[in-house]
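Some notes on the structure that comes next.
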Number of protein chains: 2
Amino acid sequence: MAFCAGLSTQQFRRFMTVLGQASIDPGVTIFREGDPALNLYTITAGAVKLYKLLSDGRRQITAFLFPGDFFGLSVHEGYAYTAESMTPVVLCRFPRRKLEALFDELPMLEKKLLGATTQELAAAQEQMLLLGRKTARERVATFLVVLWRRLGDKTPVFALPMSRSDIADFLGLTIETVSRTLTGLKRDGLIALPDANHVAIQRLDDLLCIAEGG
Amino acid sequence: MAFCAGLSTQQFRRFMTVLGQASIDPGVTIFREGDPALNLYTITAGAVKLYKLLSDGRRQITAFLFPGDFFGLSVHEGYAYTAESMTPVVLCRFPRRKLEALFDELPMLEKKLLGATTQELAAAQEQMLLLGRKTARERVATFLVVLWRRLGDKTPVFALPMSRSDIADFLGLTIETVSRTLTGLKRDGLIALPDANHVAIQRLDDLLCIAEGG
DNA sequence: CGCCCCGTTGAAGATGATCAAATCTTGTGG
DNA sequence: CCACAAGATTTGATCATCTTCAACGGGGCG
């Protein structure tokens with residue numbers, strides 16, 4: 001795990017004393033927006049989504065997270081979003097109080113957390129650009145390229161671990177528009193869709209060009 | 001300034017050795033997206049906007065910043081966004097290398113920076129909800145309430161330091177829609193507009209209700 | 001005084017949403 | 001193994017919100 005990389009054996013032993021592990025099924029709510037923010041989590045295996053809701057049920061997914069990512073940091077007493085597993089997930093759980101004590105012993109951990117949070121913030125700003133200014137086609141193209149890179153860009157084919165509904169709520173669209181847009185990209189030969197949950201990138205350059213609004 | 005609060009006299013003297021100050025005019029670009037991220041800035045006075053551009057000129061403002069806020073943190077070598085003054089601004093500039101050395105001496109500073117970044121991230125997630133799922137009316141209502149709170153909610157009247165164009169690029173709308181929506185809120189008696197750059201909140205509860213999608 | 005920029009207002013148009021239905025997938029039980 | 005039910009995805013038709021295009025008004029500054 002990235003979070004504990006670079007620790008000595010002794011430091012690592014200390015590190016392990018503050019963490020708990022958990023394996024959870026798909027579709028489980030790990031915590032809800034507003035719950036007391038007692039833990040910080042890192043993902044060992046699986047995929048997690050974070051989202052916020054409006055009172056009438058409208059939902060915005062703010063991030064899809066994968067192994068190595070962390071979540072659950074909060075300035076105030078409560079979490080700012082809900083976290084839910086999308087697949088079977090293995091988590092490390094760090095109780096907030098213990099973690100803060102550990103920071104004093106291992107300042108490197110705090111630096112890593114700051115770096116990870118800064119990266120999350122940059123991703124959030126990129127997503128604001130997408131939500132505020134990109135067309136449906138640009139949003140879907142961006143989503144596919146970013147996800148492909150995140151899941152390891154060895155092969156052009158990759159699995160979508162999330163439903164159309166999740167994609168729609170991440171991109172600020174409806175499921176119908178996501179479906180139509182994917183069909184359109186397929187029709188134009190930019191991607192292939194072996195089945196509903198797999199995408200094959202066929203013309204990466206053109207896809208990138210669309211994603212950047214060119 | 002919040003960043004140096006709680007330091008002893010001696011620590012503060014050390015703190016002052018790493019920072020430079022700058023006064024700048026309105027409309028000045030402090031740095032551009034992609035520039036080498038050499039400095040971290042905090043705002044002493046004035047207002048700053050951060051934004052990202054698409055190649056065809058479409059712009060998304062990701063934040064309006066005010067005294068006490070910081071900006072310029074970056075994981076990679078380059079800034080992730082452009083920063084521009086909206087008013088006359090007084091800044092503190094922290095060279096990145098010196099600041100990192102200072103962190104080892106004053107771990108409290110790093111904790112504060114982590115807290116501030118976490119808060120920025122929460123604000124970004126709230127903005128994603130706005131951009132992805134709120135209507136124009138809800139966006140403008142949210143914007144007014146949040147700005148009013150940020151600028152000090154003593155009096156219901158406050159000045160908008162930014163143009164309609166900036167508001168539009170922050171809310172993912174056009175200037176025409178922003179203008180029409182403000183007119184609509186005024187017509188419905190929720191706000192008053194003494195002039196184009198001043199807003200008076202008249203029915204906060206109703207405005208909050210709209211902002212939350214209720 | 002007059003120009004220019006900013007903001008407002010109006011009319012027409014387009015993108016994406018909504019409503020509706022068909023198709024495909026998956027899991028269950030006979 | 002097959003039939004069936006439930007849910008997810010795709011496709012189609014219509015609709016609404018917001019954008020685009022256009023024109024007008026007003027305040028500030030030369």
Side-chain angles (χ1 to χ4, degrees), chain A residues 25-27 49 54 56-61 84 86-88 130-144 159-188 191-199 210 213, chain B residues 25-27 49 54 56-61 86-87 130-144 159-188 191-199 210 213:
Chain A
D25 291 328
K49 64 189 173 199
L54 291 173
D56 62 0
R58 278 175 286 172
R59 182 178 70 151
Q60 180 65 40
I61 293 181
E84 186 180 323
M86 299 196 292
T87 64
L130 178 149
L131 292 169
R133 288 302 179 215
K134 289 187 183 178
T135 65
R137 193 175 168 88
E138 290 164 356
R139 293 182 200 201
V140 172
T142 305
F143 170 70
L144 292 177
L160 298 176
M162 69 290 285
S163 67
R164 293 291 185 273
S165 174
D166 285 346
I167 297 173
D169 283 348
F170 183 60
L171 299 181
L173 301 169
T174 60
I175 54 177
E176 293 94 329
T177 298
V178 170
S179 180
R180 274 187 255 271
T181 306
L182 284 169
T183 303
L185 292 173
K186 175 183 173 183
R187 175 178 34 74
D188 299 342
I191 61 170
L193 298 168
D195 67 81
N197 292 319
H198 288 265
V199 176
I210 293 170
Chain B
D25 291 328
K49 63 189 173 198
L54 291 173
D56 62 1
R58 277 174 287 172
R59 182 178 69 152
Q60 180 64 41
I61 294 182
M86 299 195 293
T87 65
L130 179 150
L131 293 169
R133 288 302 179 215
K134 289 188 183 177
T135 65
R137 193 175 169 89
E138 290 164 355
R139 292 182 201 200
V140 172
T142 304
F143 170 71
L144 292 177
L160 298 176
M162 67 290 285
S163 67
R164 294 291 185 273
S165 174
D166 284 347
I167 298 173
D169 283 348
F170 182 60
L171 299 180
L173 302 169
T174 60
I175 54 177
E176 293 94 331
T177 299
V178 170
S179 180
R180 275 187 254 269
T181 306
L182 283 170
T183 303
L185 292 174
K186 175 183 172 184
R187 174 178 34 74
D188 298 343
I191 60 171
L193 299 168
D195 67 80
N197 292 319
H198 288 266
V199 177
I210 293 171

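Protein chains get the first letters and strands the later ones, always in sequence-line order, with residue 1 at the start of each.
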Roughly how far, to the nearest 0.5 Å, is CZ of R133(A) from CG of L131(B)?
9.0 Å
For side-chain contact (heavy atoms from CB on, under 4.5 Å), just list the numbers for T177(A) and R139(A), CA-CA rounded to whole Å, side-chain angles, deciding distance to a tenth of an Å, and then say yes or no.
CA-CA 11 Å; T177(A) 298; R139(A) 293 182 200 201; over 6 Å; no
Distance check needed: dT20(D) P versus D56(B) CG, whole Å only.
11 Å
Between dG7(D) (C1') and D166(A) (CG): distance, integer Å
14 Å
Measure from the side-chain heavy atoms of E176(B) and tell me the nearest of dC18(D), dA22(D), dT9(D).
dA22(D)
Would you classify G184(B) as touching base, sugar-phosphate or nothing, given that sugar-phosphate means primed atoms plus P, OP1 and OP2, and contacts are heavy atoms under 4.0 Å?
nothing
Counting C-beta onward and ignoring hydrogens, is there a side-chain heavy-atom pair between R180(A) and T174(A) closer than 4.5 Å?
no
Report yes if the side chains of R164(A) and L182(A) come closer than 4.5 Å at any heavy-atom pair, otherwise no.
yes
Less than 4.5 Å apart, any side-chain heavy atom of R59(A) and any of D166(A)?
yes
Can you check whether T174(B) has a side-chain N or O nearer than 4.0 Å to OP1 or OP2 of dT19(D)?
yes
Through what angle, rounded to 10 degrees, does the axis of the helix from dC1(C)-dG30(D) to dG30(C)-dC1(D) turn between its ends, using five pairs per end?
30°
With a 4.5 Å heavy-atom cut-off, do I61(B) and M162(B) have their side chains touching?
no
Listed nucleotide nearest any side-chain atom of A196(A), set dC18(D), dT8(C), dT10(D):
dT10(D)
Between dG27(D) (C1') and N197(B) (CG): distance, integer Å:
11 Å
T177(A) has a side chain; which of dC18(D), dG16(C), dT11(D) sits nearest to it?
dG16(C)
If you round to the nearest 0.5 Å, how far is CG of L54(B) from NZ of K134(A)?
6.0 Å
The answer to which of L182(A) and G172(B) contacts DNA chain D further toward the 5' end, by nearest nucleotide, is L182(A)
Rounded to the nearest 0.5 Å, what separation is found between the CG atom of L160(A) and the CE atom of M86(A)?
10.0 Å
Ignoring the backbone of S163(B), work out which of dT11(D), dT10(D), dG7(C) is nearest its side chain.
dG7(C)
Distance, rounded to the nearest Å, where R139(A) contributes CZ and dG16(C) contributes P:
7 Å
Please tell me if T183(A) has a side-chain N or O lying less than 4.0 Å from either OP1 or OP2 of dT11(D).
yes
Could you pick out which residue, R133(A) or S165(A), lies toward the 5' side of DNA chain D when each is mapped onto its nearest nucleotide?
S165(A)
Taking the side chain of R164(B) as its heavy atoms from C-beta onward, which of dT20(D), dG7(C), dT10(D) lies nearest to it?
dG7(C)
In whole angstrom, what separates I175(B)'s CD1 from dC6(C)'s P?
9 Å
Distance check needed: dG10(C) P versus R180(B) CZ, whole Å only.
9 Å
Rounded to whole Å, please give me the gap between CG in D169(A) and P in dG16(C).
17 Å
Whole-Å distance, R187(A) CZ to dT10(D) P, equals 14 Å
